[in-house]
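In what follows, a structure is listed as structure tokens, so that the remarks can point back to it.
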Amino acid sequence: MPERHKIMKNNSHLSIRRLVFTLIVLQLGFLVLIGKLFMLQYPDEDGSMVSRQDWRSRGRHEVKRGKILDRHGRVLGTSQDQLAVSADPKTFNRKSNAHIVASELAPLLDSTKSELLAQLQRKRNGEYVEFVWLKKEIDYERLDAIRNITQKYRGLRIEVEPKRVYPKKTLASQVIGYLNDLNVGEGIEYQYNAYLQNLHSPQPQRSADITAVSLEARPATATLGNSGCNIILTLDEIIQDIVEKELAQGCRDWKAPKGTAIVLAVETSEILAMASYPTYDINDQTNASEEAKRNLGIWYLFEPGSIFKIVAASAVLNQGILTPQSPIFCHNGRYRLSNGRIIKDVSAKGYLPLEQVIQKSSNIGMIKIVQRLGPQLLQTYVDRYGFGQKTGIDLPYEQVGNLYALRQWDINSLGSVPFGQGISVTPLQMVNALAVIANGGMLHRPYITKEIRDARGNLIKRNYPTEIRRVLRPEIAKQMTDILVGVVEVGGSGARAKIKGISIAGKTGTAQKAERGKGYAAGKEVMSFMGFLPADDPKIAIIVTLDEPTGERFSGRIAAPVFKRIAEQTLKHIEQTHFFDSVPTRKSPSDRRYAKENKTNRTVNTQSSNKNKTSFTNNRSNTTVNSDNTYVRKGEGYETPKPFGRN
């Protein structure tokens, strides 16, 4: 019994302690609650009542959204202050005469007295409602006049609301994009929403797609004003306008329902222009079709056709398997695969040197080249060029493409992949791969945002050129450049892209379109031309792609002239403005040396490509070979890819 009483006594003490502890916690919580209520009911330092800041105060508009500018500071997207007038009929009708107020406000709000009166006297279930909008999107210049009225009558409220305005209307609309009320949208508006709407520098992005573009963080000032950050793009408004107009004209001329074109700075992979057709006015995006809102440069997947031939051709040269003069038997334009399928060329060819296989765009010749290269090495180079993966550009919804026919190699793959069928890529992937050849063999990560600055002009972040990896040795890039120059010379498939006095390296591409469950559709094709110029000192790379044009069979007659018009006007613009004096570079010493030697020593043959018999030698006077088969050129390491399974 004594033990039992002792246990009961201990339990009683324990229960009392728990009760006391619970009461203390409740009292502390009650005090916190009282403090919160006190803070809500009494004014802040600026005299405003925090408790009145409900949803009607539109607190989200306190920060004016930042601007979107082209690389030279020209405004592409901005926010303009507009007024909105609201009323609280429940309060208003106790103190004021609705008829008098409606009469005074009507001319300022571009409304009628009866319309305003109906709003001011709105009821629900027999009682005045607490909130109505009288008018939105009113010119800011009327602020003082409207304020004189709202200050005289209780229950009226005037607010300043920024409206997003795009002064260039359709220019770069798919790049700029939009943001809807759910904070979902397209383009730069969506990608950089956190910067555009915030006053202070946000934390570094954790998304792999954004950090991949190498934005260097810089400290922001403590006070940034009342506007969000400004986004400065790499786009040039003039070049963008040129590209959009010529692309639209090309699509209309050839009745193509859609198309895309990109201009890229060779040394840095900065996007100077990115256009899609059809387009739309961003100011009226709610009425635009979804098709018009798509940025086809990164979203459109297509079978590239013959423009893809640069991959296998450069790979077989880089591996030392063939040279530009190596003879390739093209079976007189008709070649039967082991499965019985017959591959045909447009015209019968016997033996052609490798360089003319590219210049004449022989599909049979490319099959023979890939047979020498092997599927494993082809896959290695396709990966090294960046296909089948995102480029890392700082835009949303970038597609990666489909390389199934390459990954699951069989005889059908041999009859399609070497000349760009059976796989899908994006236009940006393709022109960025071409830039590898133009800049001496290095793959860069493309980017479209130059820098981010706060409202006072302080630098928040800056984008720099980023080298991903070396794909080709510089001398092989030079060989490929000379081969592609022959494409645009007389007798080449891209002769209609030629500009008098300017050397251009380019490639045509015509690809059949496949329909689900039906195979390739007769008469439905994607036609492309891509090239870089000047070939002896490359500055820009351009791709033009038209979907399902009609009236001609070959891209050299459809896409090449569009390329030419874009290239002529763009080159004139960059020469007149000394454009590339301000473009950032991060080139290695050996690459600069290559470019200088290339500019000095390259001779462009202006005769027919059939007579172009220039011989090339693998000049490795500045190259040593380590014991592990790694080429080291002037301080840079480059590992030659090896076939799978080879030690």
Side-chain angles (χ1 to χ4, degrees), residues 33-65 78-167 178-183 197 199 225-228 283-287:
L33 180 60
I34 293 297
K36 289 287 186 181
L37 290 173
F38 180 85
M39 292 174 63
L40 288 172
Q41 293 302 319
Y42 284 87
D44 288 346
E45 292 178 1
D46 61 358
S48 63
M49 295 291 290
V50 180
S51 62
R52 300 292 294 173
Q53 292 181 354
D54 58 8
W55 63 275
R56 287 167 290 183
S57 68
R58 296 295 196 230
R60 63 187 176 91
H61 292 308
E62 292 175 1
V63 177
K64 188 175 181 180
R65 195 169 177 81
T78 187
S79 292
Q80 291 183 355
D81 287 337
Q82 293 189 327
L83 306 179
V85 179
S86 61
D88 177 357
K90 192 170 186 179
T91 300
F92 174 81
N93 285 282
R94 289 201 304 262
K95 301 288 185 181
S96 306
N97 187 313
H99 289 271
I100 296 176
V101 174
S103 297
E104 293 184 23
L105 282 176
L108 294 174
L109 304 188
D110 294 327
S111 186
T112 64
K113 177 181 176 181
S114 59
E115 289 173 340
L116 293 179
L117 196 60
Q119 291 292 86
L120 289 169
Q121 295 180 333
R122 181 183 292 183
K123 293 182 179 181
R124 184 183 296 115
N125 298 326
E127 295 185 1
Y128 288 113
V129 298
E130 294 185 356
F131 179 83
V132 292
W133 285 114
L134 298 183
K135 187 75 173 184
K136 302 183 74 173
E137 298 185 5
I138 308 165
D139 289 342
Y140 189 79
E141 289 74 14
R142 301 183 183 182
L143 174 62
D144 291 337
I146 296 174
R147 181 182 287 161
N148 290 335
I149 297 173
T150 59
Q151 288 178 342
K152 291 191 298 183
Y153 304 101
R154 290 194 60 185
L156 295 180
R157 182 184 180 91
I158 184 169
E159 299 178 17
V160 178
E161 290 190 323
K163 179 185 178 182
R164 206 63 174 156
V165 176
Y166 304 95
Y178 62 91
L179 196 72
N180 62 23
D181 291 338
L182 300 177
N183 283 339
Q197 71 178 4
L199 291 178
N226 63 346
S227 295
N283 296 293
D284 192 29
Q285 65 87 13
T286 55
N287 294 319

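Numbers here simply count residues along the sequence, with the first being 1.
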Open item on the list: Run the side-chain contact (heavy atoms from CB on, under 4.5 Å) test on Tyr140 and Leu83 for me, step by step, so that the C-alpha distance in whole Å, both residues' side-chain angles and the decisive distance to 0.1 Å come before the verdict.
Closed with: CA-CA 6 Å; Tyr140 189 79; Leu83 306 179; 3.7 Å; yes
Open item on the list: Please evaluate residues Tyr166 and Gln285 with respect to the criterion side chain to side chain donor-acceptor pair (under 3.5 Å), reporting the C-alpha separation (whole Å), side-chain torsions for both, the decisive distance (0.1 Å), and the verdict.
Closed with: CA-CA 11 Å; Tyr166 304 95; Gln285 65 87 13; over 6 Å; no
Out of curiosity, [X] [atom1] to [Y] [atom2], how far, rounded to the nearest 0.5 Å?
X      : Y      : atom1 : atom2 : result
Glu115 : Lys135 : CD    : NZ    : 7.5 Å
Asn148 : Glu104 : CG    : CD    : 10.0 Å
Asp110 : Asp139 : CG    : CG    : 8.0 Å
Gln80  : Lys64  : CD    : NZ    : 8.0 Å
Lys90  : Glu130 : NZ    : CD    : 5.0 Å
Ile138 : Glu141 : CD1   : CD    : 12.0 Å

- [ ] Identify the residue among Thr91, Val101, Ile146 that makes a side chain to side chain contact (heavy atoms under 4.5 Å, CB included) with Leu156.
- [x]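 Of all the options given, the one that passes is Val101.
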Open item on the list: Quick check against the 3.5 Å criterion: does Gln119 have a side-chain atom that pairs as donor or acceptor with the backbone of Trp133?
Closed with: yes
Open item on the list: Please check: side-chain N/O of Arg142 versus main-chain N/O of Leu108, any donor-acceptor pairing under 3.5 Å?
Closed with: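 Yes; at least one donor-acceptor contact below 3.5 Å.
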Ignoring hydrogens, what is the shortest heavy-atom contact between [X] and [Y]? Give both atom names and the distance.
X      : Y      : result
Ala98  : Leu120 : O-CD1, 3.9 Å
Ala102 : Leu116 : O-CD1, 3.7 Å
Val129 : Asp88  : O-OD1, 3.7 Å
Lys113 : Ala106 : N-CB, 3.9 Å

Open item on the list: I'd like to know whether Leu134 forms a side-chain contact (heavy atoms from CB on, under 4.5 Å) with Val132, so could you lay out the CA-CA distance, the side-chain angles of the two residues, the decisive distance to 0.1 Å, and finally the verdict.
Closed with: CA-CA 6 Å; Leu134 298 183; Val132 292; 4.2 Å; yes
Task: Within-4.5 Å side-chain heavy-atom neighbours: Arg65 and Pro162 - done: no
Task: Arg164/Leu179 under side-chain contact (heavy atoms from CB on, under 4.5 Å): CA gap, chis, key distance, verdict - done: CA-CA 10 Å; Arg164 206 63 174 156; Leu179 196 72; over 6 Å; no
